[in-house]
2 protein chains.
Amino acid sequence: MRVRDFSRPTTLNPDRLFGQVAQKLAVAIITGRVKAGELLPNEDDLRSEISVSRTAYREAVKILTAKGLVEARPKSGTRAASRERWNLLDPDVLSWHFEADPNERFIRDLFELRRFVEPSAARLAAQRRTSADIARIEAAYRGMADGAPYAEATIRADMAFHEAIFSAAQNAALQCLASAVIATLQWSLLLKTGDEVAYIESLPDHEHVLLAIIDRDGDLASARMAGLVIDSLNTTLASLGTHYATETGKIMRIKHTK
Amino acid sequence: MRVRDFSRPTTLNPDRLFGQVAQKLAVAIITGRVKAGELLPNEDDLRSEISVSRTAYREAVKILTAKGLVEARPKSGTRAASRERWNLLDPDVLSWHFEADPNERFIRDLFELRRFVEPSAARLAAQRRTSADIARIEAAYRGMADGAPYAEATIRADMAFHEAIFSAAQNAALQCLASAVIATLQWSLLLKTGDEVAYIESLPDHEHVLLAIIDRDGDLASARMAGLVIDSLNTTLASLGTHYATETGKIMRIKHTK
DNA sequence: CCGCTTCTATCGTATGACTTTATCGCAGAC
DNA sequence: GTCTGCGATAAAGTCATACGATAGAAGCGG
């Protein structure tokens, strides 16, 4: 349970105390250890676990409030919010999900969203890309092609590839979904680690997307990206099924660096 | 400058002090009064404007940190973050944008996102809707059809219509984008208030979407929703141009209730 | 059995002191 | 003259404490 999102430096500092408390509470909520009831039972527990002042605790709660995980109402208590309230697309919330066991339903939802969004992003990227964008995407692709299948550098390159496409789409709102897309990527990579075949086979697909973007062919870029996402979803769901069938805890996890 | 998002109760309590401070700071950042430089000049100013303790101030900063608007680092200070870091799709961040002058670029981006996402949501809704979903969507449609064009109840019904469709899509990740879609709706309604013709004409489009969803015709629902979004964007951009040409400040704003 | 009062738990706010961390500038060495 | 390193310093972070307000529960009285 020690995976951290290393896509981009998460907004809240995990080195600081309040950040650690926030994460602890968030994971407890996301895993379901705390349902929609009181959250305060942990107040004393946390005090004993890590001696933490009320300040740090409150600031952690404020962070969770801002992300919709809890609802603090004066005098009545601070309750874990129901799932519909969560800002599931918040980068931190997404990354906290990696601390919990894979939730097949949620991963499927994320992939579905990605399936809708990323082809559109690719289309826009094809229409609006600058030469600098091309350079970024191409560099990322080279990183993927050159690196060893599941090396960290390769994974970073993969994420950079997709991020660069979102960036090239020149849409600030769309850009915010890049973290969600990258989260699905990380789930894929986490779950199907070791399946080198799937990885190698996905390389030409990436190249095709790149070429379509270079050609400014929006329709083609969109279609190819859609294919890429669907393939990724299929292999991921297959892996997820396998892992579920064997043992959940054995899923290899990526080490967090930096 | 007194518009509040009334789509759903925003996660952070605006009655509380820290919420007000957070909003004040957020608006200052979003409007650009504070760029990417120090934010602390306000610390003293705020102390004088509303006497606010360090506690409230810090908790407000934590909220903004959680939403990516600021970055606090020891010794260097608390800086407003660059726009790429903002969680633009966060409901609160979206609502704070209503406090600022309309940013045409951002509205266009939001509509673009909506253009990609909402047709897909309609498709899923058509495929997965239950009879309860139909009841909700239909009730919202009736509210739109029966109410006066720009009455508040009508606007609420309009928002409920779109929200209900997202809800029927049965996808938690997608659901999080409902707030963004509703924000575009609000921008539309804010900007083209008074244009009764456009509103009346949009009614049949809504009904067509509803019927397609009832028929479980995903393709049709998607196509009709796409048309609806495009129409909305066109009239909105036209209004925006007009308003820009005449006077920005004269844009009528919706009163916030509850 | 119901309604009112009281009581308590819990959040919100305020304040002051101390700690940690990172930046900047000065002094010394090469 | 440039580089290195150490310490001064400023700002955020943390802790402890206190008080106020009130929602909700418990107890009391009718």
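This is a predicted model, so every value here is computed, not measured. Labels below follow one simple rule: chain letters A, B, ... track the order of the sequence lines, proteins then strands, and each chain is numbered from 1.
Taking atom CG of residue B:Leu17 and atom C1' of nucleotide C:dC11, one finds them 13 Å apart after rounding to whole Å. Taking atom OH of residue B:Tyr57 and atom P of nucleotide C:dG12, one finds them 20 Å apart after rounding to whole Å. Per the geometry, CD belonging to A:Gln20 stands 14 Å off C1' belonging to C:dT20, to the nearest Å. Distance A:Glu71 CD to C:dC11 P: 14 Å, rounded to the nearest Å. Protein atom NZ of A:Lys62 is 12 Å distant from nucleotide atom C1' of C:dT10, rounded to whole Å. Regarding A:Arg58, its CZ atom lies at a distance of 17 Å from the P atom of D:dT17, rounded to whole Å. Going from atom CG of B:Leu64 over to atom P of D:dA12 covers 14 Å, rounded to whole Å. If you measure from atom CZ of A:Arg54 to atom C1' of D:dA16, you get 11 Å, rounded to the nearest angstrom.
Salt bridge present: B:Arg108 and B:Glu104 bring a charged side-chain N and a carboxylate O closer than 4.0 Å.
Checked against side chain to side chain contact (heavy atoms under 4.5 Å, CB included), B:Thr154 has the following partners two or more places apart in sequence or in another chain: B:Ala151, B:Tyr199. Considering only residues two or more places apart in sequence or on other chains, A:Arg58 meets the salt bridge (Lys or Arg N to Asp or Glu O under 4.0 Å) condition with B:Glu59. Scored by the salt bridge (Lys or Arg N to Asp or Glu O under 4.0 Å) test, B:Asp109 finds B:Arg105 as partners (sequence neighbours excluded). Remark: B:Arg136 pairs with no residue by the salt bridge (Lys or Arg N to Asp or Glu O under 4.0 Å) rule, at least two apart or across chains.
For the pairing with B:Leu94, the side chain to side chain contact (heavy atoms under 4.5 Å, CB included) check across B:Leu88, B:Thr184, B:Leu110 returns one residue only, B:Leu110.
In this structure, CD1 in B:Ile29 is found 12.5 Å from CZ in B:Arg83, a value given to the nearest 0.5 Å. Atom CD of B:Glu71 sits about 9.0 Å away from atom OG of B:Ser76, to the nearest 0.5 Å. Atom CE of B:Met144 sits about 3.5 Å away from atom CG of B:Asp158, to the nearest 0.5 Å.
If you find the closest nucleotide of DNA chain C to A:Gly77 and to A:Thr55, the one lying nearer the 5' end belongs to A:Gly77.
Relative to the axis of its first five pairs, the axis of the last five pairs of the helix from C:dC1-D:dG30 to C:dC30-D:dG1 sits at 10°, rounded to 10 degrees.
The shortest distance between the side-chain N/O atoms of A:Thr78 and the OP1/OP2 oxygens of C:dC11 is below 4.0 Å.
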Sequence-aligned protein contact record of nucleotides 21-27 of chain D, with B where the base is within under 4.0 Å of a protein heavy atom and S where only the sugar-phosphate is: BBS----

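When distances are taken from the side chain of B:Glu59 to each of C:dT13, D:dG13, D:dA16, the shortest belongs to C:dT13.
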